[in-house]
Amino acid sequence: MSDAVDSNFEQVRTDKLKKIEALGLDPWGQRFDGHQPIGDIRKLPDDKPEGERPKVRAAGRIVQRRGQGKAFFIDIWDWTGKVQVMIGQKQVGDQGWELTQLFDLGDLIGVDGDFGKTRMGEPTIFVSKLTFLGKSLLPHPDKWGGMADIEFRLRHRYLDLVYSPETLDRTLRRIQIVRAIRTHLDKLGYVEVEGPTLHAIAGGAAARPFITHHNTLDIDLYLRIALELHLKRLLVGGIEKVYEIGRVFRNEGISPTHNPEFTMLELYQAYGNYETMMELTEKMVLAAIDAIGGEQKRPHGERTIDFAPPWDRKKYGDLFQQCTGKAIDDRAGVAAAAREIGLNTQNTDHDVLVHKLFEIKVEPYLETLDRPVFVHDYPAGLCPLTKRKAGQPGIAERFELYVLGMEVANAYTELNDPITQEQTFRQQLAGLAEEDSMAKMDADFVRALKHGMPPTGGLGVGIDRLAMLLTNTTTIRDVILFPLLRPEK
RNA sequence: GGAGGCGUAGCUCAGCUGGUAGAGCAACGGACUUUUAAUCCGUAGGUCAUGGGUUCGAAUCCCAUCGCCUUCACCA
């Protein structure tokens with residue numbers, strides 16, 4: 001961006017600001033009570049004859065202007081809609097007319113007038129009184145060109161919200177989705193809590209944390225990578241149905257489906273298991289869909305997702321057999337299939353090998369499905385902190401919800417056995433690479449478990465990804481208002 | 001982090017195998033009291049991301065740097 005040119009535009013507008021002051025007006029505006037949402041005004045009858053028209057008061061941003069001699073037609077925008085206002089020289093007086101000459105695209109104004117139609121049939125506020133509410137010193141994008149540059153839109157999200165209707169729409173729908181989830185869970189008797197964001201030990205997931213520092217205590221702290229370990233402490237404390245919707249931070253790559261900070265729902269129900277969570281997940285997502293219009297067949301990019309219940313449930317092992325032709329416990333067959341596609345089978349755990357094959361052979365198949373599918377009953381080796389199925393020590397009670405191949409939810413029958421938990425912590429630590437060595441034994445958490453945690457069903461949902469799927473958005477950066485960007489130089 | 005692509009006026013974009021930087025909107029000056037693809041006449045606006053190099057001559061070719069996008073890897 002060229003400073004010389006910017007300051008030129010800015011200078012012109014600053015000069016106008018001074019002229020507005022010279023008119024005795026406040027160029028930054030004052031409290032302006034009682035204005036009606038433009039969307040509401042647009043619903044008023046606009047076919048009344050002059051004299052019987054509804055009186056209205058609106059406030060908004062000037063987004064388009066058409067001068068016509070002694071009359072101006074201006075479109076003002078607020079977050080509920082857009083409406084044309086007509087400003088006539090006779091109607092607003094000398095001061096109002098002089099002010100009108102000083103308007104720029106982007107300025108904020110308030111209008112009082114009555115609502116009707118012009119001769120051309122356009123719903124219009126015929127202004128009797130103008131109030132100046134705020135000057136814009138920098139030029140806004142023009143309405144016709146719009147905002148096409150992705151980087152420009154991300155760095156000027158405030159403009160994107162005004163000039164890209166889909167951005168505002170998507171933002172509001174995401175908010176409705178989250179609110180519907182909260183309402184649904186509250187109705188079921190879950191309570192929402194707020195766990196700490198600064199952790200002495202970043203646990204609950206396999207991810208690299210961000211490091212920060214507390215000055216007075218003089219200790220390094222980590223931004224949380226999961227909500228899990230504190231919510232489980234609350235289960236020990238008797239809070240039986242608990243959830244948190246909150247930001248977690250993972251110091252990893254950025255992609256259309258990954259932002260370094262993102263919003264997770266984690267939920268735990270004492271005396272439940274993963275089946276409890278499957279039922280809950282389906283109902284909760286359907287409640288969210290209801291909140292934003294209710295269509296269960298939803299477009300997503302080139303595809304259509306059909307959320308009509310009941311959603312399919314497929315066993316991990318069955319999918320594996322279907323897509324690889326090998327039984328999941330066929331050690332020789334799995335190894336052979338792995339070698340066939342160039343995987344190193346030396347010193348690799350059988351279950352780990354199975355999952356690599358799953359990613360390569362099964363996930364592409366899951367991407368082809370246009371309905372959500374619960375994949376359940378995972379190999380126990382993949383989820384050490386999950387309870388085993390009764391009588392099947394090789395199978396863990398876990399499911400993941402896949403939609404178009406995207407992992408949206410992950411749920412477990414949680415391990416509440418502190419002895420196994422502690423062993424697993426130790427095994428993980430022993431096998432960690434140098435760069436992951438910030439992971440530590442969470443002795444305090446194990447101590448909590450030793451006081452007795454109920455058998456529990458637990459669920460995690462990536463809220464951003466769910467919002468993507470429900471709002472037909474293909475990049476996570478468009479469901480997050482301020483995704484991480486490198487700072488401008 | 002690897003590989004590819006992109007970066008021209010405030011915004012949206014042209015600019016061919018190297019030959020004096022363009023348009024529309026926005027802006028500025030003037031005209032017009034009912035306009036709605038966006039009235040008419042005129043004016044101004046650019047270190048072509050940044051820094052090097054090749055060349056008589058670079059927005060255009062080469063190298064490096066910065067930023068964004070796509071993709072792979074890691075994850076949710």
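Chain letters run A, B, ... following the sequence lines, proteins first, then strands; residues in each count from 1.
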For [N] and [M], measure between their [atom1] atoms and round to the nearest Å.
N      : M      : atom1 : result
B:rA59 : B:rG19 : P     : 10 Å
B:rG2  : B:rG45 : P     : 43 Å
B:rA21 : B:rC16 : C1'   : 16 Å
B:rG7  : B:rU47 : C1'   : 15 Å
B:rU70 : B:rC62 : C1'   : 25 Å
B:rU60 : B:rA9  : P     : 15 Å
B:rG4  : B:rG42 : P     : 50 Å
B:rA14 : B:rC74 : P     : 37 Å

Does the side chain of [X] get closer than 4.0 angstrom to OP1 or OP2 of [N] through an N or O atom?
X        : N      : value
A:Arg486 : B:rG67 : yes
A:Arg153 : B:rU12 : no
A:Lys16  : B:rC28 : yes

Rounded to the nearest angstrom, tell me the gap between atom [atom1] in [X] and atom [atom2] in [N].
X        : N      : atom1 : atom2 : result
A:His140 : B:rC11 : NE2   : P     : 13 Å
A:Leu159 : B:rU12 : CG    : P     : 11 Å
A:Ile254 : B:rG2  : CD1   : P     : 15 Å
A:Arg65  : B:rU34 : CZ    : P     : 18 Å
A:Arg155 : B:rC68 : CZ    : C1'   : 8 Å
A:Ile476 : B:rU70 : CD1   : C1'   : 17 Å
A:Asp104 : B:rC28 : CG    : C1'   : 11 Å
A:Ile125 : B:rU34 : CD1   : P     : 20 Å

With nearest nucleotides of RNA chain B determined for A:Arg119 and A:Ala205 from heavy-atom distances, which residue corresponds to the more 5′ nucleotide? A:Arg119
5'-most contact on RNA chain B (nearest-nucleotide basis), A:Gly253 vs A:Glu151, goes to A:Glu151
Could you check which nucleotide pairs with [N] in any of the strands shown, counting Watson-Crick or G-U wobble with both distances under 3.5 Å?
N      : value
B:rA64 : B:rU50
B:rA3  : B:rU70
B:rA59 : none
B:rU43 : B:rA27
B:rA14 : none
B:rU35 : none

Students often mix this up, so state it plainly: with edges at 30° and 60°, are the rings of A:Tyr163 and A:His140 parallel, tilted or perpendicular? perpendicular
Using the six-membered ring wherever Trp is involved, compare the ring planes of A:Tyr316 and A:Tyr378 and label them parallel, tilted or perpendicular (cut-offs 30° and 60°). tilted
Under 4.0 Å, heavy atoms only, any strand: does [X] hit a base, just the sugar-phosphate, or nothing?
X        : result
A:Asn251 : nothing
A:Ser255 : nothing
A:Glu407 : sugar-phosphate
A:Gln64  : nothing

Nearest to the side chain of [X], heavy atoms from C-beta on, is which of [options]?
X        : options                : value
A:Val12  : B:rU34, B:rC28, B:rG67 : B:rC28
A:Ala148 : B:rC13, B:rA27, B:rU36 : B:rC13
A:Asp149 : B:rU36, B:rU12, B:rA26 : B:rU12
A:Phe9   : B:rA26, B:rU34, B:rU35 : B:rA26
A:Thr118 : B:rU36, B:rC11, B:rA27 : B:rU36
A:Pro256 : B:rU35, B:rU70, B:rC68 : B:rU70
A:Thr124 : B:rC11, B:rU34, B:rU35 : B:rU35

Taking C-beta and beyond as the side chain, do A:Asp220 and A:Thr212 meet within less than 4.5 Å on heavy atoms? no
When you check the gap from the basic side-chain N to the acidic O, do [X] and [Y] get nearer than 4.0 Å?
X        : Y        : value
A:Arg182 : A:Glu192 : yes
A:Arg155 : A:Glu151 : yes
A:Arg247 : A:Glu194 : no

Name the residue from A:Thr413, A:Thr456, A:Asp377 that meets the side chain to side chain donor-acceptor pair (under 3.5 Å) definition with A:Tyr274.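 With A:Tyr274 as partner, A:Thr413, A:Thr456, A:Asp377 yield a single side chain to side chain donor-acceptor pair (under 3.5 Å), made by A:Asp377.
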Scan A:Arg61, A:Lys82, A:Arg66 and name whichever one has a salt bridge (charged side-chain N to carboxylate O under 4.0 Å, His left out) with A:Asp75. A:Arg66
